[in-house]
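Note sheet for the following structure.
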Amino acid sequence: MHFNHLRLGSSLSSKSLHVFKLSRAIGCSRRFLPLSTAAATLKTDPHQPEKRPCLIDFEPLFHSCTQASHVKCLHAILVVSGRFTSNFASTRLLNLYAHHGDACSSLSVFDQIKAKDSYTWNSMVSAYVRNGYLNEATKIFRQFVLTSGLRPDVYTFPPVIKSCKDVNSGKKLHCCVYKMGFQPDVFVGASLVHMYARFGFLDIARKMFDEMPRRDLGSWNAMISGYCQNGDNDAAMSMLDSMRLEGMKMDSVTVCSLLPICAQTNDLTSGLLIHLYVVKHGLEFDVYVNNALLNMYAKFGLLGIAQQIFDEMRERDLVSWNSMVAAYEQNDDPSTALQFFMKMQENKIKSDILTLVSLAPIVGGMGDISNGKSLHSFIVRRDWMILNVALGNAVMDMYAKLGFMDYADRVFEQLPVRDVISWNTLISGYAQNGLANEAIVTYEKMKKHEEEVIPNHGTWVSALSAYSNVGSVKQGMKVHAAVIKNSLFSDVYVGTCLVDMYGKCGRIEDAMKMFYHIPRDTSVPWNAVISCHGMHGHGKEALTLFENMQVEGVRPDHITFVALLSACSHSGMVDEGWRWFRSMQEDFSMKPSLKHFGCMVDLLGRAGHLEKAYGLIMSMPFPPDSSIWGALLGACKIHGNVEMGAIASKQLFNVDSENAGYYVLLSNIYANVGRWEGVKVIRSLARDRGLKKIPGWSSIEVDGKVDVFYMGNRSHPRFDQIHNELRELTAKIKSIGYVPNHKDVLQDVEDDEKDDILATHSERLAIAFGSSMLQMIPRALLMHDQAF
DNA sequence: TTAGGGTTAG
């Protein structure tokens, strides 16, 4: 019966008005006035004025509470009608609050119940567990056992077992259940089985499961989900087979446990079969099932299907919304992800920690620090930083993406708990922002905390990329040793980083040795090895490797072609470059991206075919970005083509007026041909727009420590020593015939000043430092100048 | 009328 059937009149009596006021006072909306009117009418039946409504009269009202505000309203009615004092009614109210996520109100009701029975105690424990207040649940359970004088029953244990945080407290409860003489029946038994499985004690769980006197679907699910959560997918599947042999059919819980492992094992077929089962058995209206399906399709990159499931869901919860935001974020569509987040706000869906975990990388990618700061303060205001390491890590990563490593570091310092990902995020953040030295220092610091945090794949990958950026092969080799010690050398990603490190440091032979040690059935290591050959001008070797890759049946991807085209570009192999640029489209059906066009513009430009490069840009199927025009502008500098340089820079400033580097490049083109007026115009333009070029830097490794130098930098503690060494070296090389090339100084200054500028170039500072530390021979400086 | 087993993350 619906509460509307109880409505007997439409005008409000004084008592019903009282109910209304009371219901407003405790926060329920006017829309639910009929509920209070109905109850008030119950009280004021003119024919039986003394008769208060019986508990049975409230039954339909209990069932009508589909929203939190309904519960508040019913609460008011119970108070007014004098039925709140009934233990039964108030405990049901307690449960209703808990079901609607309001454990605080549950507690307030609980406190008002004077003669609590075990139903009341059990309900309060489960109210806390249901809403995630595990510590409070344990406290209430203790009070129940120690102070109430009542005996826990079979209803008590399942929620308490569920709230265990570690296996030891679980074991204690297991003993307690055993001592009190409870049979491990289906509920308590399944709880214990799942508790052991959850903490990874699958053998104990399995033994208990096998010895259970009775097993229902829930018991099977406890065991299957235990295997799934521990990544033992084969055991989960064989358990499923046994379950079916015993005539049990999968329900929504079984389905929800299995769907995530379909995505993990890349088994789309099983996922589709389960989806079919869901539809056939009418499980498609379960929110959990829909969320699990949605997530599985998103993990396979099938966003269209995920979106369709979301659109067709009758009921959506926070997990559904979070999953959609994460789905688009993880599939490189941050703008749609952001739209979903906005829609959440429009629909008044409150974000939780996981919403923010997905939102942080989106904000990081938007490039606006003020948004980043508001997101951070939103989290801090709610104290979520303390609750969840993953969120802290996500915020660090966001600041790293925005280029604010000082903020990322501050967040790191303030984290109450740091796990391996916190360290990895900081290290890779520094490395990605060009602060290789800081990355290395952090990695060294991490090693000192080895007892608390064990490095993983991500650590080696970040550390290696930092060492390869500063060209520190000795330190890189130490990481290599650590990788071998941890038996990770056969991991494709770690191995590829080693290839990359040796390659970037110029140790091509070592890179090749490493390459032949790692599995090469995917494009990942091939891309690295092709790229490092290309980088050092070994275009032919890069091409040979590319051919070998095809012989071994490994399909090249977009990145392979970027590596290959850039190898052609660095070796001046124009014809080969064209050939593969066409081949990728014709033979491999790949559409060239901006990066491929960028390589081609670079290839043609470097070779002096500026008109052809311009023609290629004009034929592109999408608008060229700053990297394309930047490549053309760079080529104009090499070939001193002022006219084309002006065209390229005009386009460049249209698409990216913020990058100071391009202004410098154009002014250098003018400077090269001595057009100092042009230089002045461009420089003042850059100054007016408040742009400052990020200075170039050079690094050198001495005794395992890496030092970084910037042009004209005087802040080094050994500055005087370096300066003296530099003077001596310059004098020496001048005495053996070195003539400074003033053309390389792109400023309109006197020749002696040009000497000074050349002499304090960051690479020279680094070499002078190295020389002063190691008594390096001046030959290094000579060699360096040739490459200048 | 209280209970077990389920979906999202850095």
Just compare [options] and give me whichever is closest to any side-chain atom of [X].
| X | options | value |
| --- | --- | --- |
| A:Ser123 | B:dG4, B:dT2, B:dG6 | B:dT2 |
| A:Tyr155 | B:dG5, B:dA3, B:dA9 | B:dA3 |
| A:Asn295 | B:dT2, B:dT8, B:dA9 | B:dT8 |
| A:Lys162 | B:dA3, B:dG4, B:dT2 | B:dG4 |
| A:Tyr119 | B:dT1, B:dT7, B:dG6 | B:dT1 |
| A:Val357 | B:dG6, B:dA3, B:dA9 | B:dA9 |
| A:Ala390 | B:dA3, B:dT7, B:dA9 | B:dA9 |
| A:Phe88 | B:dT1, B:dA9, B:dT7 | B:dT1 |
| A:His63 | B:dG6, B:dT1, B:dA9 | B:dT1 |

Exercise for the section: Report yes or no: is the cationic atom of A:Lys343 (NZ for Lys, CZ for Arg) under 6.0 Å from the centre of the six-membered ring of A:Phe340, at an angle within 45° of the ring normal? Expected result: yes
Over all strands shown, is [X] touching base, sugar-phosphate only, or nothing at heavy-atom distances under 4.0 angstrom?
| X | result |
| --- | --- |
| A:Asp286 | base |
| A:Val193 | nothing |
| A:Asn290 | nothing |
| A:Val289 | base |
| A:Asn424 | nothing |
| A:Leu259 | nothing |
| A:Val395 | nothing |

Would you say [X] places a side-chain N or O within less than 4.0 Å of OP1 or OP2 belonging to [N]?
| X | N | value |
| --- | --- | --- |
| A:Ser225 | B:dG6 | yes |
| A:His194 | B:dG6 | yes |
| A:Lys299 | B:dA9 | yes |
| A:Arg130 | B:dA3 | yes |

May I have the distance from [X] (atom [atom1]) to [N] (atom [atom2]), rounded to whole angstrom?
| X | N | atom1 | atom2 | result |
| --- | --- | --- | --- | --- |
| A:Met239 | B:dG5 | CE | P | 16 Å |
| A:Tyr196 | B:dG4 | OH | C1' | 15 Å |
| A:Phe157 | B:dT2 | CZ | P | 19 Å |
| A:Trp121 | B:dT1 | CH2 | C1' | 19 Å |
| A:Arg198 | B:dG4 | CZ | P | 12 Å |
| A:Ile349 | B:dT8 | CD1 | C1' | 14 Å |
| A:Ile274 | B:dG6 | CD1 | C1' | 13 Å |
| A:Tyr277 | B:dG6 | OH | P | 18 Å |

Atom pairs and distances, donor-acceptor, side-chain atoms in residues 248-263 of chain A, under 3.5 Å, two or more places apart:
unit_1: A:Asp251; atom_1: OD1; unit_2: A:Asn221; atom_2: ND2; d: 3.2
unit_1: A:Asp251; atom_1: OD1; unit_2: A:Val253; atom_2: N; d: 3.1
unit_1: A:Asp251; atom_1: OD1; unit_2: A:Thr254; atom_2: N; d: 3.1
unit_1: A:Asp251; atom_1: OD1; unit_2: A:Thr254; atom_2: OG1; d: 2.8
unit_1: A:Ser252; atom_1: OG; unit_2: A:Asp286; atom_2: OD2; d: 3.3
unit_1: A:Thr254; atom_1: OG1; unit_2: A:Asn221; atom_2: OD1; d: 2.8
unit_1: A:Thr254; atom_1: OG1; unit_2: A:Asp251; atom_2: N; d: 3.0
unit_1: A:Thr254; atom_1: OG1; unit_2: A:Asp251; atom_2: O; d: 3.4
unit_1: A:Ser257; atom_1: OG; unit_2: A:Val253; atom_2: O; d: 3.0

Practice task
Determine the interplanar angle of the A:His449 and A:Trp423 rings, folded into 0 to 90°, and report it as parallel if under 30°, tilted if 30 to 60°, perpendicular if over 60°.
Solution key: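 Judged by the thresholds at 30° and 60°, the geometry between A:His449 and A:Trp423 is tilted.
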Establish whether the base of [N] is bridged to the side chain of [X] by a donor-acceptor pair shorter than 3.5 Å.
| X | N | answer |
| --- | --- | --- |
| A:Ser257 | B:dG6 | no |
| A:Asp251 | B:dG5 | yes |
| A:Asp216 | B:dG4 | yes |
| A:Ser219 | B:dG4 | yes |

Practice task
Check whether the side chains of A:Thr425 and A:Asp397 place a donor and an acceptor atom closer than 3.5 Å, and report yes or no.
Solution key: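 Checked: A:Thr425/A:Asp397 side chains show no N/O donor-acceptor pair below 3.5 Å.
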Practice task
Examine the side chains of A:Ser422 and A:Asp419 and answer whether a donor and an acceptor come within less than 3.5 Å of each other.
Solution key: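 A pair is found: one side chain offers a donor N or O, the other an acceptor, under 3.5 Å apart.
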Exercise for the section: Measure centre to centre between the rings of A:Trp220 and A:Phe209, then say whether the value is under 6.0 Å. Expected result: yes
Exercise for the section: Verify the ring-centre separation between A:Tyr97 and A:His75: is it less than 6.0 angstrom? Expected result: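 Between A:Tyr97 and A:His75, which both carry aromatic rings, the centre distance is below 6.0 Å.
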Practice task
Identify the heavy atoms of A:Ile309 and A:Leu294 that sit nearest to each other, and give their distance.
Solution key: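 Shortest heavy-atom separation between A:Ile309 and A:Leu294 comes out as CD1-N, 4.2 Å.
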Problem - Salt-bridge contact A:Asp203-A:Lys207 (side-chain N to carboxylate O under 4.0 Å) - result: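 Looking at A:Lys207 together with A:Asp203, the answer is no, because their closest N to O distance does not fall below 4.0 Å.
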Practice task
Under 4.0 Å from any atom of DNA chain B, heavy atoms only: list the residues of residues 318-336 of chain A that qualify, in numerical order.
Solution key: A:Val319, A:Asn322, A:Ser323, A:Gln330
Which atom pairs, donor and acceptor, lie under 3.5 Å between side-chain atoms of residues 186-197 of chain A and protein residues at least two apart or in another chain?
unit_1: A:Ser191; atom_1: OG; unit_2: A:Phe187; atom_2: O; d: 2.8
unit_1: A:His194; atom_1: NE2; unit_2: A:Ser225; atom_2: OG; d: 3.2
unit_1: A:His194; atom_1: NE2; unit_2: A:Gln229; atom_2: OE1; d: 3.4
unit_1: A:Tyr196; atom_1: OH; unit_2: A:His174; atom_2: ND1; d: 2.8

